[in-house]
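The structure appears right after this line, and notes come after that.
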Amino acid sequence: MSKVATRFAPSPTGPLHIGGLRTALFNWLYSKNKGGKFYLRIEDTDKERSKEEHKQQIIKSLTWIGIEHDGDEYIQSKKIEDHVNIALELLKKGKAYKCYCTPEEIEEQKKRAKQKKIPYIYNRKWRDAGETEAPKYIKPVIRFKSKIDGSAILKDLVQGDIEIENNTIEDFIILRNDGTPTYNLSASVDDHLMNMTHIIRGDDHKINTFKQIQIYEALNWNIPKFAHIPLIHTIDGKKLSKRDNASTLDDYSKIGILPEALRNYLLRLGWSFEDKEIFSLKESIKYFNLQGIGKSPSKLDMSRILSMNEHYIKNIKEDELFIKLKEYCELFKEKIDLKKEEKIKQSLSFLKNKAKTLEDIYKNSKYIILNEVSFNKEDLKLIDNKSKKIIIDFVNKISNLDTLSKDNLEPIINELIKVNETNFKGVGQPLRIGLTGSKFGPGIYDIILSLDKDDIVKRLTKVGH
RNA sequence: GGUCCCUUCGUCUAUCGGUUAGGACACAUGGUUUUCAUCCAUGAAAGAGGGGUUCGAUUCCCCUAGGGACCGCCA
């Protein structure tokens with residue numbers, strides 16, 4: 001058997017959404033698991049809607065999540081001539097025919113069928129008609145001569161055997177009257193030209209597969225194996241589309257979802273391997289198989305994406321996390337000042353415990369990143385006169401320390417607690433609010449040690465008066 | 001309307017005829033803790049319904065119901 005070859009074939013008519021991303025992932029994982037190849041084909045034959053920027057976004061998205069395609073991108077529009085030639089060959093072989101029906105005529109038939117509530121199927125008017133009857137002024141389309149009798153069985157690698165009556169598949173158009181090929185023709189020809197062994201794609205292509213198999217058969221081509229994966233549904237159970245919010249990659253990267261987390265989430269959405277939840281990239285390649293793909297559609301669950309992300313944030317190396325945070329802030333928030341980098345890096349050990357996303361880390365480290373404290377007004381009210389006195393006492397006590405450490409801070413705080421007849425909270429909370437602007441945040445020692453002494457004095461003096 | 005597909009906790013899923021139906025997320029409660037979190041422990045939570053087949057069905061078959069996809073001179 002030839003080496004496994006799969007492909008992902010998006011059309012650049014919009015940004016890639018995560019359903020497509022998962023399809024790409026499954027194709028890629030399958031080929032890598034089998035030691036095969038994975039290709040990217042850009043189906044850009046819809047001139048009106050295809051955009052270069054979308055193509056770039058698709059490639060960027062794949063790269064972001066860690067999918068690399070083998071070889072160059074296969075650009076479908078460059079192969080149109082091949083597709084047309086195959087259409088002509090089918091015509092010559094009598095496997096296809098010219099149809100002189102006008103779009104209006106077809107439209108009319110559909111309308112009538114709908115009114116009568118009978119299923120519409122093209123009436124095959126020109127299937128056996130002679131050329132001599134052809135109206136000269138109409139440019140014909142070329143239709144494929146689909147099988148009329150019997151039934152076909154698709155041995156789907158995910159769905160099992162699917163049987164369908166051949167007469168429910170109409171004589172579909174393979175060449176438009178402007179001479180351009182249509183999807184089912186182009187896809188079949190390209191998959192053949194690219195020597196695809198396995199076509200893994202969304203459930204929504206099932207009927208196309210029956211059409212495409214007939215094209216393969218008409219040309220005596222090897223038929224690849226097919227696996228139709230269930231679609232991803234929105235929370236209200238509908239097919240995910242580009243227009244749904246939180247569907248494109250940007251929606252996730254901008255809130256600070258890590259690519260490995262999204263990859264892991266997508267892998268487990270509709271696929272499973274025993275009770276295993278966390279898969280490293282290597283493991284996902286090692287364990288991926290088609291048997292593990294479920295048959296029913298699955299819904300997108302944001303809280304799971306977040307918790308997966310939380311897991312990766314807590315478990316990747318802090319150096320790596322810092323690089324990701326730095327890139328994230330520069331891209332979506334503000335650039336981290338070089339002078340602050342070291343402080344943030346050191347603080348990551350406690351910051352990451354409070355975060356599900358990079359955005360959370362950013363928010364929690366804002367008091368380090370920004371020079372000015374932005375106060376929560378409600379929290380600021382908690383600083384009463386007694387608190388102010390504690391704050392000033394604290395400032396006075398640390399002002400003659402050279403360096404701050406937990407060892408030399410602890411006695412000071414304990415003394416303040418005693419002198420003011422309060423508890424840890426009575427001292428910690430005013431300091432936290434004064435330094436970060438919020439009563440929520442890291443432990444007070446962590447906060448103090450993540451700031452410069454001058455800065456601490458400045459901030460506390462300001463709120464203490 | 002036609003064709004095809006799907007149906008286990010709220011969600012993602014395990015189970016390949018015999019299980020107290022398991023795990024994860026989310027949720028609830030308790031503990032740790034200077035706040036918020038983290039962390040730990042515990043808990044609640046499911047086989048759509050009805051028929052068969054079988055000693056025994058979540059698992060196999062049929063019907064019903066519900067949901068979905070497709071039905072373009074888009075891809």
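A side chain to side chain donor-acceptor pair (under 3.5 Å) with A:Y367 is found for one member of A:S450, A:S374, A:S438, A:S347 and no other, namely A:S450.
Among the heavy atoms of the strands, none lies under 4.0 Å from A:T180. Counting non-hydrogen atoms under 4.0 angstrom, A:I444 reaches a base of the nucleic acid. In this structure, A:E163 reaches the sugar-phosphate backbone alone: every heavy-atom distance under 4.0 Å involves primed, P, OP1 or OP2 atoms, never a base. Within the nucleic acid shown, A:H205 comes within 4.0 Å of at least one base atom, counting heavy atoms only. Residue-level contact check: A:P10 touches neither bases nor backbone, having no heavy atom under 4.0 Å from any strand. At a threshold of 4.0 angstrom between heavy atoms, the contacts of A:D46 are confined to the sugar-phosphate backbone, with no base atom among them. Across all strands shown, A:Q429 has no heavy atoms under 4.0 Å from either base or sugar-phosphate atoms. A:K439 comes within 4.0 angstrom of a nucleotide base, judged by non-hydrogen atoms across all strands. Using a 4.0 Å heavy-atom criterion, one finds that A:D178 contacts no nucleic acid atom at all. At the heavy-atom level, A:G270 lies under 4.0 Å from the strands shown only through sugar-phosphate atoms. Within 4.0 Å (heavy atoms only), A:Q76 reaches sugar-phosphate atoms of the nucleic acid but no base atom. Using a 4.0 Å heavy-atom criterion, one finds that A:C99 contacts no nucleic acid atom at all. Contacts of A:K110 with the nucleic acid, taken as non-hydrogen atoms under 4.0 Å apart, involve only primed sugar atoms and P, OP1 or OP2. As judged by a 4.0 angstrom heavy-atom cut-off over every strand, A:G443 is placed among the base-contacting residues.
One can place CD of A:E274 at 16 Å from P of B:U13, the figure rounded to the nearest angstrom.
Across B:U11, B:C5, B:U13, the shortest atom-to-atom separation from the side chain of A:K299 is found for B:U11. The side chain of A:K239 has B:C70 as its nearest neighbour among B:C70, B:U34, B:A75. Proximity note for A:K295 (side chain, C-beta onward) versus B:C74, B:C6, B:A14: the nearest is B:C6. Which of B:A75, B:G23, B:A26 sits closest to the side chain of A:K356 comes down to B:A26. With distances taken from any side-chain atom of A:K314 to the nucleotides B:A75, B:C6, B:U38, the minimum falls on B:U38. Among the nucleotides B:C6, B:U34, B:C73, the one closest to the side chain of A:F424 is B:U34. Each of B:U38, B:C5, B:C73 was ranked by its minimum atom distance to the side chain of A:I162; first place goes to B:C5. For A:P119, taking side-chain heavy atoms from C-beta onward, the closest of the listed nucleotides B:C12, B:G2, B:C73 is B:G2. Distances from the side chain of A:R268 to the nucleotides B:C12, B:C73, B:A69 place B:C12 closest. Each of B:G72, B:C5, B:A75 was ranked by its minimum atom distance to the side chain of A:Q159; first place goes to B:C5.
Atom name P, nucleotides B:U8 and B:U59: the rounded distance is 12 Å, in whole Å. For the C1' atom pair drawn from B:U54 and B:C40, the interatomic distance equals 47 Å after rounding to whole Å. On the P atoms, B:A46 is 37 Å away from B:U3, given to the nearest whole Å. Rounded to whole Å, the separation between the P atoms of B:G66 and B:A26 comes to 34 Å. For B:A41 and B:G23, the P atoms lie 13 Å apart once the distance is rounded to whole Å. For the C1' atoms, the distance linking B:A37 with B:G43 amounts to 22 Å, nearest Å.
Between the side chains of A:N309 and A:T357, no donor-acceptor pair is found at a separation under 3.5 Å. Remark: the A:H205 side chain and the A:Y183 side chain contain an N/O donor-acceptor pair separated by less than 3.5 Å. Between the side chains of A:Y97 and A:D171, at least one donor N or O lies within less than 3.5 Å of an accepting N or O.
In a base pair of the Watson-Crick type (N1 to N3 plus N6-O4 or O6-N4) or a G-U wobble (N1-O2 and O6-N3), with each distance short of 3.5 Å, B:A37 is matched with no nucleotide. The partner of B:U8 cannot be assigned: no Watson-Crick or G-U wobble pair with both contacts below 3.5 Å exists in any strand.
Under the 4.0 Å criterion applied to side-chain N and carboxylate O atoms, A:R41 and A:D191 are assigned as salt-bridge partners. Salt bridge status for A:K239 with A:D204: present, with a side-chain N to carboxylate O gap under 4.0 Å. A salt bridge does not link A:E73 with A:K78: every distance from a Lys NZ or Arg NE/NH1/NH2 to an Asp or Glu carboxylate oxygen is 4.0 Å or more.
Residue A:T45 places no side-chain N or O under 4.0 Å from the OP1 or OP2 atom of B:C74. At the phosphate of B:A75, OP1 or OP2 sits under 4.0 Å from a side-chain N or O atom of A:R176.
Formation of a donor-acceptor pair under 3.5 Å by the A:D251 side chain with backbone atoms of A:T248 is found in this model.
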